[in-house]
Amino acid sequence: MIDKFKQEKLRKMLETGINPYPYSFKQEMHADDIKNDFETLKGRKTSIAGRAMSIRHMGQLYFIDILDSTGKIQVLLSPQMTKPESMSLLDLIDMGDILGIHGTINKSKRGEISIEAYEITVLSKSLSPMPEKFHGLSDTEIRYRKRHLDLVANPEVRKFFITRAKILNYFRKFLDSRGYIEFETPILQPTYGGANAEPFVTRYRALDADFYLRVSDELYLKRLIIGGLEKVYEVSKDFRNEDIDSTHNPEFTQVEFYEAYKDYNDFMTMTEELLSSLVKELFGTFKITYQGKELDFTPPFKRIYWVEEVKRLSGIDVSTLTDQESREVAMREGLKTSTFNAYHVADGLFDKYVKPNLHDPTFVLDFPAYMCPLTKDKRGNPKLSERFEVFIAGREEGNCYSELTDPIEQRKKFEDQERERLRGDAEAPPSDEEFLEAIEFGMPPTAGIGLSIDRLAMILTDNISIKELLAFPTMRPKK
RNA sequence: GGGCCCGUAGCUCAGUCAGGUAGAGCAUCUGGCUUUUAACCAGGUGGUCGGGGGUUCGAACCCCCCCGGGCCCGCCA
């Protein structure tokens, strides 16, 4: 939306030979540099750049707040300290314009750290109105659809994204320092798998074939392990064609990592170390507050057993659930699952009875084997699988297996899933012959995990909506 | 998919219960002010009240449909 007064000022700038959209500016310092080190910098000449957030003036004395990537700093202008051309430029400047300032670091009479400007330069003339300066921008829809306005108007929002970036950076440092290799596996896949989820379908024109946006990168990363890479990871955008709510976005980010010769016990320790040291790095402590409640990341995390816990709280032993029993249980317990097979009913029981009680970081171990098509059996108990999920604040944060490496067993589990799929479970993935062929070649014992970056960022920024942590969350297109 | 709530000026919001000339603050425009910082003072501009239909002499307000958003529930390892 173009403001006619701003447009008129732009025209006057061009008329007087001022370029309102110049090519570069020497930005010597940032607001924080100056504020953090004022005593040593006082009296020094410097240059800053940023967006004008507030312009106040008393006669010929002007105060402009400039916002840069580190925060705000005040700029002072008056005929005594500022070039005449810059003083007259003030008539053509508005809140929202991006400005460059050359001046001297000092304090105002009221004690505010300021730049006494010698010269002011327009770096970009803004043509549309700014959001309100005191209340900011609170309309959720506008905040998400026009994130640039949100970032300018709401200072805490940029902190959320900085924290998110720090999390990802920490994951990479953690894994790189352990000798992991970062990979990028296909997002467009001829088949899909590695998770139970409905895929997005797209058309690959050059190949004249339907392709799927990946629901997981698991099977590709395992093929790298088979190839002998031993330690691999990927920061993976995955896509699941499901509903949107406060903890689910169809397009989301996981970090998955796999390491040869390890099992899920090794990975429990490693996950604990990764998450606790991340929290320590960001907050200087293991204890943080989430939605008014303390979350304690002090290792070791609590460990509970999936089947035992469901049995303890619901009285139902799901380790041997048949499909016939599943339906009865679902009816009796009032579970509204999409499919009444053992997988979905057991999962429903867990969500109903166990999940609400999980707050501090907790490992939930040893799932029923029928829920784990890609996992080795529990040593000594083939009804269970060596799988854990880590829960934080009642939400699933990660999922880990002692990876199934037996190709005969894997083929059988894929066939079981295929059967479920044909029986109407839309989330059961098809069998993957390419992967089976790879695993037949011989896969070392391996542990693997996927951790949700979006949800971790929610927790570490004290947010309850995943959309706050997605720079551009999916919104329905405007008609 | 179900329930509840919201949509009024660029932004933040009153006004809807009980129908009767469209409101405030900020922003913006004009003027004043040489240490302000939600600056201040004076005076202006600015509206398809989300869209469409209905009831009515008269609708931002009541009814219906639609669009967009939020929260909760269901579904989603």
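Naming: A, B, ... by sequence-line order, numbering from 1 per chain.
Partner assigned to B/U35 is none, using Watson-Crick or G-U wobble distances below 3.5 angstrom. Across all strands shown, the partner of B/C4 is B/G70, judged by Watson-Crick or G-U wobble contacts whose two distances both fall under 3.5 Å. Across every strand in view, B/G20 sits in a pair with B/C57 that passes the Watson-Crick or G-U test at under 3.5 angstrom.
Minimum atom distance to the side chain of A/Asp243 is reached by B/C75, of the listed B/G68, B/A77, B/C75. Listed nucleotides: B/U37, B/G68, B/A77. Nearest to the side chain of A/Tyr401: B/A77. Comparing B/C11, B/C76, B/U34 by their nearest atom to the side chain of A/Leu61 picks out B/U34. Of the candidates B/G70, B/A77, B/A27, the closest approach to any side-chain atom of A/Glu389 belongs to B/A77. Closest to the side chain of A/Met475, out of B/G70, B/C11, B/U37, is B/G70. Nearest nucleotide to the side chain of A/Asp3, out of B/U28, B/G69, B/U34: B/U28. Checking B/C72, B/C13, B/C76 against every side-chain atom of A/Ser138, the shortest atom distance belongs to B/C13. Minimum atom distance to the side chain of A/Tyr144 is reached by B/G70, of the listed B/C33, B/A27, B/G70. Taking the side chain of A/Ser465 as heavy atoms from C-beta on, and the options B/C75, B/U35, B/C71, the nearest nucleotide is B/C71. Considering only side-chain atoms of A/Glu132, the nucleotide from B/G10, B/U35, B/C72 that sits closest is B/G10.
The phosphate of B/C11 (OP1 or OP2) has no side-chain N or O of A/Lys146 nearer than 4.0 angstrom. Within the structure, a side-chain polar atom (N or O) of A/His344 is placed less than 4.0 Å from OP1 or OP2 of B/C76.
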Intermediate values then yes/no, side-chain hydrogen bond (donor to acceptor under 3.5 Å, both in side chains), A/Arg164 and A/Thr253: CA-CA 11 Å; A/Arg164 185 189 168 108; A/Thr253 306; 3.3 Å; yes
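Nucleic acid contact for A/Gln80: base, since at least one base atom lies under 4.0 Å from a heavy atom of the residue. Heavy atoms of A/Asp94 sit under 4.0 angstrom from primed sugar atoms or phosphate atoms, though from no base atom. At a threshold of 4.0 angstrom between heavy atoms, the contacts of A/Phe350 with the nucleic acid are absent. Looking at heavy-atom distances under 4.0 Å, A/Asp245 makes contact with a base. Among the protein residues, A/Asn196 comes within range of the nucleic acid bases, having at least one heavy atom under 4.0 Å from a base atom.
Of the two residues contacting RNA chain B, namely A/Gly111 and A/Phe367, the nearest-nucleotide position lying further toward the 5' end is that of A/Gly111. Place A/Ile244 and A/Phe63 on RNA chain B by their nearest nucleotides, and A/Phe63 ends up nearer the 5' end.
Donor-acceptor pairing under 3.5 Å is recorded for the side chains of A/Ser319 and A/Asp317. For the residue pair A/Asp139 / A/Tyr144, no side-chain donor-acceptor distance below 3.5 Å is found, with atom types taken as modelled.
Within 6.0 Å of OH on A/Tyr305 lie no more than 12 heavy atoms contributed by other residues, nucleotides or ligands. Within a 6.0 Å sphere centred on NZ of A/Lys146, other residues, nucleotides and ligands contribute 12 heavy atoms or fewer.
Atom CD1 of A/Ile73 is separated from atom C1' of B/U35 by 16 Å (rounded to the nearest Å). Atom CG in A/Leu149 sits roughly 15 Å away from atom C1' in B/U12 (whole-Å rounding). A/Arg56 has its CZ atom 12 Å from the P atom of B/U28, to the nearest Å. Rounded to an integer number of Å, the gap from OH of A/Tyr264 to P of B/A77 is 22 Å. Here B/A27 presents its P atom at 13 Å from NZ of A/Lys9, a figure rounded to the nearest Å. Counting to the nearest Å, the C1' atom of B/C29 and the CZ atom of A/Phe5 are 5 Å from each other. A/Lys352 has its NZ atom 10 Å from the P atom of B/G74, to the nearest Å. Spacing between atom CD1 of A/Ile93 and atom P of B/C29 amounts to 13 Å, rounded to whole angstrom units.
A salt bridge links A/Glu119 with A/Lys83; the closest basic N to acidic carboxylate O contact falls under 4.0 Å. A salt bridge does not link A/Lys412 with A/Glu415: none of the charged nitrogens is closer than 4.0 Å to a carboxylate oxygen.
No donor-acceptor contact under 3.5 Å links the side chain of A/His135 to the base of B/C11.
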